[in-house]
Chemist: 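Let me give you the structure first, and then I'll get to my questions.
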Amino acid sequence: MPGYSSPPDPVAYKNKVWEIVRLIPAGQVATYGQIAALVPAPPGMPARDYQAFGARWVGGAMAACPPGVPWQRVINSQGKISLPEGKGYEEQRRLLEEEGIIFDDRGRIDLTRYRWSGPGNPPEA
DNA sequence: TCCTTGACTCAGA
DNA sequence: CTCTGAGCCAAGG
């Protein structure tokens, strides 16, 4: 799949993304934008644009998500699963529900309640 | 060669 | 909260 304006180093970028995704604790979720915000932006790119496009890069990275990465905990900023039905949606939703995440009537997740605080502000510590 | 299609987000109404 | 439009790049038909 195309990597919408691939980052300077696609491979390194993906690894960085997966590294962060792996930090997401079970029962919590993070948005593409949130992940992108945790990955260093390439030089010369406005922070705002990076947040918008970085999210797509994250999506591209997730498309090639290797085993061991909780890809199901990554959703869009709307608190919804980005995958269309029949292409992983059901699987992702099932995995999240098994972690205790509750879905809205419209299949939405309450981000104010399940959103990951980030690697620098773990719920435990 | 042109046109469509992507695991997206933000701002405005 | 929901809906619309714009932003950028590469591969496939």
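Lettering of chains follows the sequences in order, A, B, ..., and the numbering in each one begins at 1.
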Chemist: May I have the distance from Arg106(A) (atom CZ) to dC1(C) (atom C1'), rounded to whole angstrom?
Modeler: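 Going from CZ in Arg106(A) over to C1' in dC1(C) covers 8 Å.
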Chemist: Separation of Met45(A) atom CE from dG7(C) atom P, in whole Å?
Modeler: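 In whole Å, dG7(C) P and Met45(A) CE are 13 Å from each other.
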Chemist: Please state how far atom OH in Tyr13(A) lies from atom P in dC8(C), giving the value in whole angstrom units.
Modeler: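 Checked: the OH to P distance equals 17 Å.
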Chemist: Rounded to whole Å, how long is the line connecting atom CH2 of Trp57(A) with atom P of dC9(C)?
Modeler: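 Distance, rounded to whole Å: 10 Å.
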Chemist: From the list dT2(C), dG7(C), dT9(B), which nucleotide is the closest neighbour of the side chain of Thr31(A)?
Modeler: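 Nearest nucleotide to the side chain: dT9(B).
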Chemist: Does a side-chain heavy-atom distance below 4.5 Å link Ile24(A) with Val74(A)?
Modeler: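 SC-SC contact between Ile24(A) and Val74(A) confirmed.
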Chemist: Could you state the atom-to-atom distance from OH of Tyr32(A) to P of dC8(B) in whole Å?
Modeler: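 Distance, rounded to whole Å: 6 Å.
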Chemist: For DNA chain B, whose closest nucleotide is more 5', that of Ala55(A) or that of Ser5(A)?
Modeler: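 First, find each residue's nearest nucleotide; the 5'-ward one identifies Ser5(A).
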Chemist: Of all residues at least two apart in sequence or in a different chain, which pass the side chain to side chain contact (heavy atoms under 4.5 Å, CB included) check with Pro8(A)?
Modeler: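 Checked Pro8(A) against side chain to side chain contact (heavy atoms under 4.5 Å, CB included); matches are Pro42(A).
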Chemist: If hydrophobic clusters are built from ILVMFWY residues whose side chains come within less than 4.5 Å, do Leu23(A) and Val69(A) share one?
Modeler: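 Same cluster: Leu23(A) reaches Val69(A) through Ile, Leu, Val, Met, Phe, Trp or Tyr contacts under 4.5 Å.
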Chemist: Reckon Gln51(A) has a side-chain N or O less than 4.0 Å from the OP1 or OP2 of dC10(B)?
Modeler: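 For Gln51(A), the contact criterion (side-chain N or O under 4.0 Å from OP1 or OP2 of dC10(B)) is met.
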Chemist: Without decimals, in angstroms, what is the distance between Arg56(A) CZ and dT5(B) C1'?
Modeler: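 Checked: the CZ to C1' distance equals 10 Å.
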Chemist: Base, sugar-phosphate or nothing for Trp71(A)? Non-hydrogen atoms, less than 4.0 Å.
Modeler: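 Answer is base: heavy atoms of Trp71(A) come under 4.0 Å of a base.
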Chemist: Whether Glu97(A) and Arg93(A) form a salt bridge (side-chain N of Lys/Arg under 4.0 Å from carboxylate O of Asp/Glu) is what I want to check.
Modeler: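 Salt bridge present between Arg93(A) and Glu97(A).
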Chemist: Per the side-chain hydrogen bond (donor to acceptor under 3.5 Å, both in side chains) rule, which among Asp110(A), Asp105(A), Asp104(A) passes with Arg108(A)?
Modeler: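 Running side-chain hydrogen bond (donor to acceptor under 3.5 Å, both in side chains) over Asp110(A), Asp105(A), Asp104(A) with Arg108(A) returns exactly one hit, Asp104(A).
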Chemist: Using a cut-off of less than 4.0 Å, is there contact between a side-chain N or O of Arg108(A) and OP1 or OP2 of dT2(C)?
Modeler: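 The answer is yes; a side-chain N or O of Arg108(A) sits under 4.0 Å from OP1 or OP2.
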Chemist: Is any side-chain nitrogen or oxygen of Arg48(A) closer than 4.0 Å to OP1 or OP2 of dG7(C)?
Modeler: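 Answer no for this pair, as no side-chain N or O of Arg48(A) is under 4.0 Å from OP1 or OP2.
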Chemist: Pick base, sugar-phosphate or nothing for Ala52(A), based on heavy-atom distances below 4.0 Å to the nucleic acid.
Modeler: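 The answer is base, as Ala52(A) lies within the cut-off (heavy atoms under 4.0 Å) of a base atom.
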Chemist: Nearest whole angstrom, please: distance from the P of dT9(B) to the CD1 of Ile35(A).
Modeler: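 Whole-Å distance recorded here is 10 Å.
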Chemist: Measuring only the P atom in each nucleotide, how far is dA7(B) from dG13(C)? A whole number of Å is fine.
Modeler: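 Per the computed distance, 16 Å lies between those P atoms.
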Chemist: Do the side chains of Val11(A) and Met62(A) join up, straight or via other hydrophobic residues, at under 4.5 Å, putting them in one cluster?
Modeler: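 No, Val11(A) does not connect to Met62(A) through the hydrophobic network.
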Chemist: Return the residues of residues 75-105 of chain A meeting this criterion: a heavy atom under 4.0 Å from some atom of DNA chain B. Order them by number, or give none.
Modeler: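 Residues of residues 75-105 of chain A that come under 4.0 Å of DNA chain B are, in numerical order, Asn76(A), Ser77(A), Ser82(A), Leu83(A), Gln92(A).
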Chemist: Start with the C-alpha gap between Tyr13(A) and Val58(A), add the side-chain angles, then the distance that decides, and say whether side chain to side chain contact (heavy atoms under 4.5 Å, CB included) holds.
Modeler: CA-CA 8 Å; Tyr13(A) 190 86; Val58(A) 171; 3.9 Å; yes
Chemist: How many whole angstroms separate atom CD of Gln72(A) from atom C1' of dA7(B)?
Modeler: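 Result: 13 Å.
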